[in-house]
Enquirer: 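My structure is below; once you've seen it, I'll send some questions.
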Amino acid sequence: VQLQAYGGGSVQAGGSLSLSCAASGSTFSRYVMYWFRQAPGKEREFVARIRWTGLTTDYADSVKGRFTGSRDNAKNTMYLQMNSLKPEDTAVYYCAAGVPFSTSYRDMTYWGKGTLVTVSS
């Protein structure tokens, strides 16, 4: 499956952004989908996991209550709504598909090109 994330941009602290991840192929619904992010000089970190139907989502503690992940399998698309953004959310955000219950970027099989989110104070 090929993935492409888009929707990044610049926003002031407290603002919102919405990311999308478009997938090609007919197997999108078979994958648990993930959002990761990587800030400059830091390791890529888990942000959110959206399970097959989208009914169950899991989040990193740092974004819980502020970010909401979802997916539309009919559109082969995954989303990440980011609210109450903080400067520490500044990073390149990636969508990925991989093993069902992981938070490690090492377990991902497919990656989309990242999209930059910049949050200014």
Side-chain angles (χ1 to χ4, degrees):
V1 62
Q2 292 183 318
L3 305 172
Q4 177 65 60
Y6 54 96
S10 297
V11 65
Q12 288 191 327
S16 299
L17 279 175
S18 181
L19 304 183
S20 299
C21 175
S24 64
S26 60
T27 60
F28 177 73
S29 62
R30 298 180 186 177
Y31 291 95
V32 173
M33 298 299 297
Y34 294 80
W35 288 101
F36 284 81
R37 67 186 182 186
Q38 188 165 18
K42 294 189 176 181
E43 192 169 83
R44 195 167 296 189
E45 65 173 1
F46 167 78
V47 174
R49 176 174 57 227
I50 299 96
R51 301 192 198 182
W52 299 273
T53 63
L55 292 178
T56 303
T57 52
D58 306 286
Y59 301 95
D61 288 343
S62 58
V63 307
K64 201 172 293 183
R66 300 188 298 120
F67 290 12
T68 302
S70 61
R71 64 191 293 169
D72 185 337
N73 288 339
K75 296 182 178 180
N76 280 7
T77 304
M78 173 177 69
Y79 306 95
L80 185 68
Q81 177 64 41
M82 304 184 294
N83 298 328
S84 301
L85 283 160
K86 304 175 181 180
E88 50 264 44
D89 294 318
T90 294
V92 176
Y93 284 71
Y94 298 88
C95 56
V99 300
F101 302 111
S102 173
T103 57
S104 173
Y105 68 90
R106 296 179 179 87
D107 292 330
M108 299 301 109
T109 303
Y110 302 102
W111 288 95
K113 290 184 179 180
T115 184
L116 177 63
V117 172
T118 303
V119 185
S120 58
S121 57

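On a predicted model such as this, the values are computed, not experimentally measured, just so you know. Positions are given from 1 along the sequence.
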Enquirer: Under the side-chain hydrogen bond (donor to acceptor under 3.5 Å, both in side chains) rule, collect the residues that match up with E45, sequence neighbours excluded.
Expert: R37
Enquirer: Sequence neighbours excluded, which residues qualify as salt bridge (charged side-chain N to carboxylate O under 4.0 Å, His left out) partners of K42?
Expert: none
Enquirer: Do the side chains of L17 and Y6 join up, straight or via other hydrophobic residues, at under 4.5 Å, putting them in one cluster?
Expert: no
Enquirer: So which pairs with a foot in residues 87-121 pass disulfide bond (SG atoms under 2.5 Å apart), sequence neighbours left out?
Expert: C21-C95
Enquirer: Supply the atom-to-atom distance F67 CZ to T57 OG1, rounded to the nearest 0.5 angstrom.
Expert: 13.5 Å
Enquirer: Rounded to the nearest 0.5 Å, what's the gap from OH on Y93 to CG on L80? Could you check?
Expert: 7.5 Å
Enquirer: Under the rule for side chain to side chain contact (heavy atoms under 4.5 Å, CB included), what residues qualify as partners of P40, not counting sequence neighbours?
Expert: none
Enquirer: Do the side chain of S24 and the main chain of Q2 share a donor and acceptor less than 3.5 angstrom apart?
Expert: yes
Enquirer: Between M33 and F46, is there a shared hydrophobic cluster once you connect ILVMFWY residues whose side-chain heavy atoms come closer than 4.5 Å?
Expert: no
Enquirer: Are F28 and Y31 connected into the same hydrophobic cluster when the rule is that any two of I, L, V, M, F, W, Y join if their side-chain heavy atoms are below 4.5 Å apart?
Expert: yes
Enquirer: First locate atom CG of L3, then atom CG of N76, and finally report the distance between them rounded to the nearest 0.5 Å.
Expert: 10.0 Å
Enquirer: According to a 4.5 Å side-chain heavy-atom criterion applied to Ile, Leu, Val, Met, Phe, Trp and Tyr, with indirect links allowed, do V92 and V11 form part of one hydrophobic cluster?
Expert: no
Enquirer: Crowded around Q12 CD? As in, over 12 foreign heavy atoms under 6.0 Å?
Expert: no
Enquirer: Quick one: list whatever passes side-chain hydrogen bond (donor to acceptor under 3.5 Å, both in side chains) with D58, sequence neighbours left out.
Expert: R49, R51
Enquirer: Heavy-atom distance under 4.5 Å between the side chains of Y34 and V47, does that happen here?
Expert: no
Enquirer: If you round to the nearest 0.5 Å, how far is CH2 of W52 from CG of N73?
Expert: 12.0 Å
Enquirer: List, by chain and then residue number, the residues other than V99 in its hydrophobic cluster (Ile/Leu/Val/Met/Phe/Trp/Tyr, side-chain heavy atoms under 4.5 Å); write none if there are no others.
Expert: none
Enquirer: Return the set of residues passing side chain to side chain contact (heavy atoms under 4.5 Å, CB included) with Q38 (not counting sequence neighbours), or none when no residue passes.
Expert: R44, Y94
Enquirer: Donor-acceptor pairs under 3.5 angstrom involving side-chain atoms of residues 104-118: please list them, not counting sequence neighbours.
Expert:
unit_1: S104; atom_1: OG; unit_2: R106; atom_2: N; d: 3.1
unit_1: D107; atom_1: OD2; unit_2: S102; atom_2: OG; d: 2.6
unit_1: T115; atom_1: OG1; unit_2: G8; atom_2: N; d: 3.0

Enquirer: Side-chain heavy atoms nearer than 4.5 Å, only ILVMFWY residues, links allowed to pass through others: does that put V32 and M78 together?
Expert: no
Enquirer: Give me each pair satisfying salt bridge (charged side-chain N to carboxylate O under 4.0 Å, His left out) with a member in residues 65-79, each pair once, sequence neighbours excluded.
Expert: R66-D89
Enquirer: What is the minimum heavy-atom distance between N83 and S16, and which atoms define it?
Expert: OD1-OG, 2.9 Å
Enquirer: Got a sec, which residues hit side-chain hydrogen bond (donor to acceptor under 3.5 Å, both in side chains) with Y79, two or more places apart in sequence or on another chain?
Expert: none
Enquirer: Tell me whether S18 contacts the main-chain N or O of Q81 through its side chain, where contact means a donor paired with an acceptor under 3.5 Å.
Expert: no
Enquirer: With S10, which residues qualify under side-chain hydrogen bond (donor to acceptor under 3.5 Å, both in side chains), at least two apart?
Expert: none
